[in-house]
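What follows is one structure encoded as structure tokens, with my remarks underneath.
When reading the values below, keep in mind they use all heavy atoms of this one structure, side chains included, and skip hydrogens, waters and symmetry mates. Note that the coordinates shown come from a computational prediction; the quantities given were computed from them, not determined experimentally. Residue numbers start at 1 and run along the sequence shown.
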Amino acid sequence: MAGGFISNETIEAILNTTDIVATVSEYTKLERRGANDWWGCCPFHGEKTASFHVDADKKFYHCFGCHKGGNVVNFIMEMEKLSYPDTLEALAKKAGIQIKYQDGYKPDPNRQKTNEAEQYIELYERTASMFHYFLMETPQGQKALEYVSKRGLTKETIEKFKLGYAPADRRWLFQFLRSKNFSAEFLAKTGLFSQKYPEYSFFSDRLMFPIFNRRGQVVAFGGRVIPPADESQRKYLNSGDLPQFKKRETLFGFSFAKNSIREKKSIIFCEGNMDVIAYHQCGLDYAVATLGTALTEEHIKMISGFVAGGTVYLSFDSDGAGQQATWKAIRLCREHDLTVKIIRLKGGKDPAEIMLKFGADNLTAQVKNAILDSDYLIFRLGEKYPTDTPEGKTKAALEYFQYVDALQSDIQKESCLEQLSQAFNLKPEAVKRDFNNRSQARERANIRQNNNQTEQGTQVKLDAELRGLIAVTADLNQFEVLRTKLTEQDFTNPAARKLYKVLEECFVEKIFTIRDILSRCDDENLMQLITESISSGVYQSEKVSVIVQDTVNLVKRNKLDAQRNKLLQRIREYTVVTQDDQNQLNALLAEKLELDKQVQCLGKK
């Protein structure tokens, strides 16, 4: 629908009826400073002090930082990346205004929506309703319903989050949607189906979590296997990025939490969807979760206007990955001048288990007892390094300096350096001197390397093993050849093992496309390396078969070399005393000779 077809009368009605203060307040917290003047942090560029002004009487906004301004239509266009007519449609629908058109124009009621994202949202909304029906009303969904009930979720909570069940029959969804006149070409682009097998649903026999945008529309899904499940299946699956959904810009539960976040000026960041739901059921309805990614700049920009001057609570797992996520989130929040506290859960592995065992009051109390991030880091560094030695104290201090660097206040920095001095029995003057000279410290390079591993997860080493598997990812037909010759355990590079496991899972489940593989890859560094390598065009199809054979030979040779080296070590250390000893040594020598032959054979290939 062209914007010009909407009458000026309708546009005026939209502008006059829509409350610009209420609309902008859905994206950032505004405070009144006069009869019609409202101020807040800019939702467009992110800031620490309020320079974003809304005039309620004149119905316009202006940011004195980034200089963006306009009326409520301009605001929604910029925030939601919608076209002018689509924005007018959305605002008219929200305000209950019937759209009138110029010159007797009448839109075709059966017209195809021009906005691709709008089409996908309509499909995902309908699919979410179907999944919810399967969970609540059918025998197929009984197992999933029993699981969420055992986790302590009430019917009201299940309804609120519109939880669902994806049928085990992978073809059902495609056949159903085709019967509703959705074309196969359209469905192939929606992210709901395998690219290689377009009639196979991406989600099957899983508990489904609809993912909503900030306006409460379903834009994607998360799916969890239902215990007891086949261990070869990936526990969680999330939709890949689509026109209406970007993981780095979306938070699970935000549409339900935003009003409470604004009122309390607080937010709880969790690790999983079930964690968010448990917090909400316990009345802690300002909890959200990232979707298979670490906390990002986009996420912070999304919430900073609501919690400026408030508190960010972090509720991540206590395992290695959870601690890495906590460390990165602390620094990111502090760089945006946000106060951070850490929730250290006790009595259960996650909020849902604590809720089930001890009730909502216990979980609420644990949130109230959250500790400041500086106290948390001091405690963790004391566990990580031997702070009873000069070397341990130095390493702990240098890592803590990374946190102090992120603080935006000199007073905070001085206070934290004093806290460090007291915690590890250091002279304050020495701590300040080392902090001021930290860029020249030799150990700084080592601690930065450790911190990169903390922030990004496992470092990805691009060696011949990983190159071979990335080449296979570029030409997936080659994996069937590779898997007959090598297993996951044959690889020594952890990243190569991880990629092989993902390839094998997708191959077995017959959802074998690059998109499916990337959606299952939970290591951002590895994912980036795959996409960069394939996009560069290095792995042309005619070269991949050669690369695969070279990889097979290399991995086998490395495995043989490792076996040979162990055998040589045993031979060198062997002492012959009796004839039996000599016989055993001869057997080891014969085994070495056989390994030498196998290595030579590989060298000729």
Using 30° and 60° as the class limits, which term best fits the ring planes of F491 and Y500: parallel, tilted or perpendicular? tilted
Applying ring-ring contact (aromatic ring centres under 6.0 Å, His included), name anything that partners Y165, two or more places apart in sequence or on another chain. none
List the atom pairs, with distances to 0.1 Å, where a side-chain N or O of residues 253-262 and a protein N or O form a donor-acceptor pair under 3.5 Å, not counting sequence neighbours.
| residue | atom | partner | partner atom | Å |
| --- | --- | --- | --- | --- |
| K258 | NZ | R214 | O | 2.6 |
| N259 | OD1 | R262 | NH1 | 3.0 |
| S260 | OG | K264 | NZ | 3.0 |
| S260 | OG | D285 | OD1 | 2.7 |
| R262 | NE | S25 | O | 2.6 |
| R262 | NH2 | S25 | O | 2.4 |

Contact check, side chains of S315 and F269, non-hydrogen atoms, under 4.5 Å: no
Sequence neighbours left out, what passes salt bridge (charged side-chain N to carboxylate O under 4.0 Å, His left out) with E353? Give chain and number order. K349, K357
Closest heavy-atom contact between L163 and L153? CD1-CD1, 3.9 Å
Please evaluate residues E137 and H132 with respect to the criterion side-chain hydrogen bond (donor to acceptor under 3.5 Å, both in side chains), reporting the C-alpha separation (whole Å), side-chain torsions for both, the decisive distance (0.1 Å), and the verdict. CA-CA 8 Å; E137 305 293 342; H132 184 65; over 6 Å; no
Is there a side-chain contact between L177 and L123, using heavy atoms and a 4.5 Å cut-off? yes
With a 4.0 Å cut-off, would you call E488 and K501 a salt bridge? no
Taking the six-membered ring for Trp and the single ring otherwise, decide whether the centroids of Y124 and F221 are under 6.0 Å apart. yes
Any idea which heavy atoms bring F245 and S239 closest together, and the distance? CE2-O, 3.4 Å
Taking side chain as C-beta onward, heavy atoms only, is N213 less than 4.5 Å from V218? no
Residue pair L242 / T190: nearest heavy atoms and the distance that separates them: CD1-O, 3.4 Å
When every non-hydrogen atom of L363 is compared with those of A278, the smallest separation belongs to CD2-O, 4.4 Å
Does atom CD (Q489) have a neighbourhood of more than 12 heavy atoms from anything else shown, all under 6.0 Å? yes
Roughly how far, to the nearest 0.5 Å, is CD1 of I268 from CG of D275? 10.5 Å
Between L173 and T127, is there a side-chain heavy-atom distance shorter than 4.5 Å? yes
Distance-only, no hydrogens or angles: does the T473 side chain make a donor-acceptor pair with backbone N or O of L469 under 3.5 Å? yes
Is the number of heavy atoms from other residues, nucleotides or ligands under 6.0 Å of K160 NZ greater than 12? yes
Can we call the ring centroids of Y200 and W172 under 6.0 Å apart? no
Between R224 and Y147, do the side chains contain an N or O donor and an N or O acceptor separated by less than 3.5 Å? yes
Give the C-alpha distance, both sets of side-chain angles, the deciding distance and a yes or no for side chain to side chain contact (heavy atoms under 4.5 Å, CB included) between L499 and I530. CA-CA 10 Å; L499 181 53; I530 292 169; 3.9 Å; yes
For V544 and A471 the tightest heavy-atom approach is CG1-O, 3.5 Å
Apply side-chain hydrogen bond (donor to acceptor under 3.5 Å, both in side chains) to the pair T296 and E298, showing each step before the final yes or no. CA-CA 5 Å; T296 66; E298 291 84 354; 3.3 Å; yes
If every non-hydrogen atom of K162 is compared with every non-hydrogen atom of P210, which pair is closest and at what distance? O-CG, 3.0 Å
Y61 vs N71 side-chain heavy atoms within contact, under 4.5 Å: no
So with a 6.0 Å cut-off around CZ of F176, is the heavy-atom count from everything else above 12? yes
If we ignore hydrogens and angles and just use 3.5 Å, is the side chain of R206 paired with the main-chain N or O of K235 as donor and acceptor? yes
For the atom pair NZ (K100) and CD (E9), what is the distance rounded to the nearest 0.5 Å? 4.0 Å
Sorted by chain and number, sequence neighbours left out, ring-ring contact (aromatic ring centres under 6.0 Å, His included) with H280 holds for F161
Go through the steps to decide whether T154 and T157 satisfy the test side-chain hydrogen bond (donor to acceptor under 3.5 Å, both in side chains), and finish with yes or no. CA-CA 5 Å; T154 64; T157 297; 3.1 Å; yes
Do the side chains of H299 and T290 get nearer than 4.5 Å, heavy atoms only? yes
ring-ring contact (aromatic ring centres under 6.0 Å, His included) evaluation trace for F193 with F202: CA-CA 5 Å; F193 301 94; F202 185 67; 9.9 Å; no
Would you call I547 and R467 a side-chain contact if the rule is heavy atoms closer than 4.5 Å? no
Cationic tip of K68 above F44 ring, under 6.0 Å, 45° of axis: yes
The ring-ring contact (aromatic ring centres under 6.0 Å, His included) partners of F182 (sequence neighbours excluded) come to F186
Checking Y279 against V288 for the side chain to side chain contact (heavy atoms under 4.5 Å, CB included) test, could you report, in this order, the C-alpha distance in whole Å, the side-chain angles of both residues, the deciding distance, and whether it holds? CA-CA 9 Å; Y279 274 122; V288 298; over 6 Å; no
With salt bridge (charged side-chain N to carboxylate O under 4.0 Å, His left out) as the criterion, how do K498 and E465 come out once you've worked through the C-alpha distance, each side chain's angles and the decisive distance to 0.1 Å? CA-CA 12 Å; K498 186 179 294 185; E465 287 187 358; over 6 Å; no
Above 12 or not: heavy atoms from other molecules or residues under 6.0 Å from CD of E146? yes
Which residues share a salt bridge (charged side-chain N to carboxylate O under 4.0 Å, His left out) with K155, sequence neighbours left out: none
N-O pairing of E12 and K59 below 4.0 Å: no
Chi angles and distances behind the side chain to side chain contact (heavy atoms under 4.5 Å, CB included) call for D475, V548: CA-CA 10 Å; D475 183 2; V548 169; over 6 Å; no
Run the side-chain hydrogen bond (donor to acceptor under 3.5 Å, both in side chains) test on S201 and S204 for me, step by step, so that the C-alpha distance in whole Å, both residues' side-chain angles and the decisive distance to 0.1 Å come before the verdict. CA-CA 6 Å; S201 176; S204 65; over 6 Å; no
Side-chain contact test, heavy atoms from C-beta onward, threshold under 4.5 Å: evaluate it for I76 versus Y27 and give yes or no. yes
